[in-house]
**Student:** 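Please see the structure below; I have some questions.
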Amino acid sequence: MLEYLPWSISTSEHAIGLYNEGIFSILDFELGGCCNLNCLYCDSPERAIKINFDINLIQKLLSEKKFKWLFVCGIGEPTAGDNYDAFIKLLESCEKYGVKCSAFSNIFLFNDDIVHFINNDILYLKFKLDSFETNNIKYLYGTEKSNIILKNIERITDVVKSNSLHTNIAASIVPTKVNYNEIEELFSFCLQSNIYPLIGHLEYSGRAIEMHRKLALSVDEHESMYRMIREKFGIDYSLPVCPAVVSGVRIDSDGYIILDKDTGLTCDWLWLRTPSTKKIGHINQYVSSIDIFNDILDYRKEKIGTVKSLLENNNLPTGGCGGNAKDVLSYYIRNSGYY
């Protein structure tokens with residue numbers, strides 16, 4: 001089965017090699033909360049957040065050529081509202097400094113600019129794919145313009161680039177009671193189109209808190225879904241661990257370098273359930289990225305015992321699509337050779 005290159009084993013191994021030299025090779029950036037869909041299981045007060053610092057500071061970090069990847073994920077639809085101009089500016093910087101970008105998009109906007117950066121191997125895309133049914137899209141996404149989304153899903157197949165190992169496009173699929181019966185069709189579409197299917201879990205955040213009982217699948221339904229995938233497609237399917245968890249520097253929409261307070265890890269997936277973040281400094285106070293790396297590593301040294309305790313006691317965080325919690329923490333401990 002093809003891997004999504006930004007989340008592939010080869011990308012992770014390369015990032016870990018640099019990490020153990022004290023270099024974080026992934027810049028994981030919160031673009032801002034703008035979004036134009038207001039999904040039932042996603043919409044939250046964070047959607048009002050906008051970038052509140054000079055975007056040129058991100059460009060400065062990219063110019064140092066320490067980062068191999070820019071991940072634009074977490075809070076923010078990169079093609080919506082005020083985000084779009086900043087996103088294009090960042091992609092232009094990626095092109096200039098030899099950095100690749102992985103971004104999540106609801107593909108409500110899929111224009112020639114986006115296609116250009118995909119075709120030039122700058123932009124790798126995770127796109128929202130939760131249904132082919134017009135009524136389901138309207139219900140889940142809260143938009144009457146479902147035909148635009150369906151047309152863009154068709155168009156995205158034209159920009160897929162794959163070889164025997166990797167693909168440049170992934171589909172973010174959130175199974176719910178609404179689209180449960182479509183999972184087989186969605187998964188089959190991805191495989192036939194050389195798109196990697198990222199089947200996550202319903203996050204307990206935003207409007208999903210009030211809709212959780214109505215939308216969330218039971219444990220038995222999840223097990224049945226994965227059993228169907230194994231039997232139908234002959235694939236022992238599991239989500240990869242996002243390499244940004246260990247090897248990424250996370251910067252929020254206000255320009256702060258943020259970590260998970262308990263673990264020191266740098267992916268917001270770990271604190272979706274109970275927000276608990278640690279700000280180690282603002283981007284504008286650092287002379288270079290190496291200073292940022294050292295501050296993160298110092299904090300992690302303090303918290304490695306907590307990480308081991310969480311794993312040993314099975315007291316694990318949940319939510320999102322960054323991989324199985326046990327796998328994430330095990331991966332981190334296994335690859336903490338830097339200290």
Side-chain angles (χ1 to χ4, degrees), residues 6 11 14-33 46 49-76 78 82-83 85-103 242-271 275-304 307 332 335-339:
T11 298
H14 182 64
I16 284 296
L18 291 170
Y19 172 70
N20 283 313
E21 297 175 10
I23 296 172
F24 289 72
S25 58
I26 299 169
L27 183 60
D28 187 1
F29 177 48
E30 240 177 53
L31 190 59
E46 285 78 12
I49 292 173
K50 294 185 179 181
I51 301 171
N52 193 28
F53 69 99
D54 186 354
I55 199 73
N56 290 320
L57 293 171
I58 297 290
Q59 294 176 296
K60 178 180 178 294
L61 287 179
L62 295 177
S63 73
E64 294 180 24
K65 299 187 177 181
K66 298 294 184 186
F67 296 103
K68 307 299 181 184
W69 285 92
L70 172 67
F71 282 11
V72 181
C73 57
I75 295 176
D82 295 340
N83 284 353
D85 289 341
F87 183 51
I88 295 301
K89 204 172 182 181
L90 289 173
L91 290 175
E92 290 170 347
S93 293
C94 287
E95 193 167 31
K96 180 177 181 180
Y97 299 118
V99 178
K100 295 184 182 297
C101 175
S102 173
C242 174
V245 173
V246 174
S247 305
V249 172
R250 178 77 172 176
I251 299 178
D252 71 10
S253 300
D254 290 325
Y256 286 97
I257 290 85
I258 56 175
L259 310 174
D260 175 58
K261 187 175 181 180
D262 293 331
T263 66
L265 298 184
T266 49
C267 176
D268 70 337
W269 170 75
L270 285 166
W271 59 71
S276 176
T277 60
K278 169 72 176 178
K279 296 179 180 178
I280 65 166
H282 194 277
I283 185 175
N284 66 10
Q285 77 183 58
Y286 289 97
V287 175
S288 74
S289 56
I290 296 296
D291 297 325
I292 297 174
F293 302 163
N294 288 335
D295 278 1
I296 294 174
L297 290 167
D298 286 345
Y299 189 81
R300 287 185 175 182
K301 288 176 186 177
E302 299 175 15
K303 295 297 179 180
I304 190 70
V307 176
Y332 171 52
N335 290 291
S336 294
Y338 180 74
Y339 50 82

**Student:** Over all heavy atoms of both residues, which pair between Glu64 and Val287 is shortest? Give the atoms and the distance, please.
**Tutor:** OE2-O, 4.3 Å

**Student:** Would you say the side chain of Asp260 lies within less than 4.5 Å of the side chain of Thr266, judging by non-hydrogen atoms?
**Tutor:** no

**Student:** Determine the sole option in Asn335, Asp28, Ile26 for which the side-chain contact (heavy atoms from CB on, under 4.5 Å) test with Pro243 is passed.
**Tutor:** Ile26

**Student:** Rounded to the nearest 0.5 Å, what separation is found between the NZ atom of Lys89 and the CD1 atom of Ile55?
**Tutor:** 7.5 Å

**Student:** Checking Glu92 against Lys96 for the salt bridge (charged side-chain N to carboxylate O under 4.0 Å, His left out) test, could you report, in this order, the C-alpha distance in whole Å, the side-chain angles of both residues, the deciding distance, and whether it holds?
**Tutor:** CA-CA 6 Å; Glu92 290 170 347; Lys96 180 177 181 180; over 6 Å; no

**Student:** Any chance you could lay out the side-chain contact (heavy atoms from CB on, under 4.5 Å) test for Ile304 and Tyr332, step after step, and finish with the verdict?
**Tutor:** CA-CA 9 Å; Ile304 190 70; Tyr332 171 52; 3.9 Å; yes

**Student:** Do Lys68 and Leu18 come close enough that some side-chain heavy atom pair is under 4.5 Å?
**Tutor:** yes

**Student:** How are the rings of Phe24 and Phe293 set relative to one another: parallel (under 30°), tilted (30 to 60°) or perpendicular (over 60°)?
**Tutor:** tilted

**Student:** Any idea which heavy atoms bring Asp252 and Phe53 closest together, and the distance?
**Tutor:** O-CE2, 3.7 Å

**Student:** Hey, mind stepping through Tyr97 and Leu70 against side-chain contact (heavy atoms from CB on, under 4.5 Å) and telling me if it holds?
**Tutor:** CA-CA 11 Å; Tyr97 299 118; Leu70 172 67; over 6 Å; no

**Student:** Has the side chain of His282 got a donor or acceptor atom that lies under 3.5 Å from a matching backbone atom of Asp254?
**Tutor:** yes

**Student:** For Lys278 and Lys261, which heavy atoms make the closest approach, and how far apart are they?
**Tutor:** CB-CA, 4.0 Å

**Student:** Can you tell me how far OH of Tyr299 sits from OG1 of Thr263, rounded to the nearest 0.5 angstrom?
**Tutor:** 8.0 Å

**Student:** Please report the shortest heavy-atom distance between Val246 and Arg300, naming the atom on each side.
**Tutor:** O-NH1, 2.9 Å

**Student:** Begin with the C-alpha distance, continue with both residues' side-chain angles, and end with the deciding distance and a verdict on side-chain contact (heavy atoms from CB on, under 4.5 Å) for Cys101 and Phe87.
**Tutor:** CA-CA 10 Å; Cys101 175; Phe87 183 51; 4.2 Å; yes

**Student:** Could you tell me whether the side chain of Glu30 and the main chain of Ser253 form a donor-acceptor pair under 3.5 Å?
**Tutor:** yes

**Student:** Testing the basics here: between Ile51 and Ala86, what is the closest heavy-atom pair and its distance to 0.1 Å?
**Tutor:** CD1-CB, 3.8 Å

**Student:** Hey, does Ile296 have a side-chain heavy atom less than 4.5 Å from the side chain of Leu259?
**Tutor:** yes

**Student:** Kindly indicate whether the side chain of Leu61, heavy atoms from C-beta on, has any atom under 4.5 Å from the side chain of Lys66.
**Tutor:** no

**Student:** Any cation-pi pair here, Lys279 with Tyr256, using under 6.0 Å and within 45°?
**Tutor:** yes

**Student:** State, to 0.1 Å, how close Ile280 and Tyr286 come at their nearest heavy-atom pair, and which atoms those are.
**Tutor:** O-OH, 3.2 Å

**Student:** Just verifying a value: how many Å separate Asn56 CG and Gln59 CD, rounded to the nearest 0.5 Å?
**Tutor:** 4.5 Å

**Student:** Just how far is it from atom CG of Leu31 to atom CG of Leu90, taken to the nearest 0.5 Å?
**Tutor:** 7.0 Å

**Student:** I need the Ile251 CD1 to Ile257 CD1 distance, nearest 0.5 Å.
**Tutor:** 5.0 Å

**Student:** Let me confirm one number: the OG-NZ distance from Ser289 to Lys60, rounded to the nearest 0.5 Å.
**Tutor:** 8.0 Å

**Student:** With a 4.5 Å heavy-atom cut-off, do Thr11 and Pro6 have their side chains touching?
**Tutor:** no

**Student:** What residue among Phe67, Phe71, Trp69 forms side-chain contact (heavy atoms from CB on, under 4.5 Å) with Lys100?
**Tutor:** Trp69

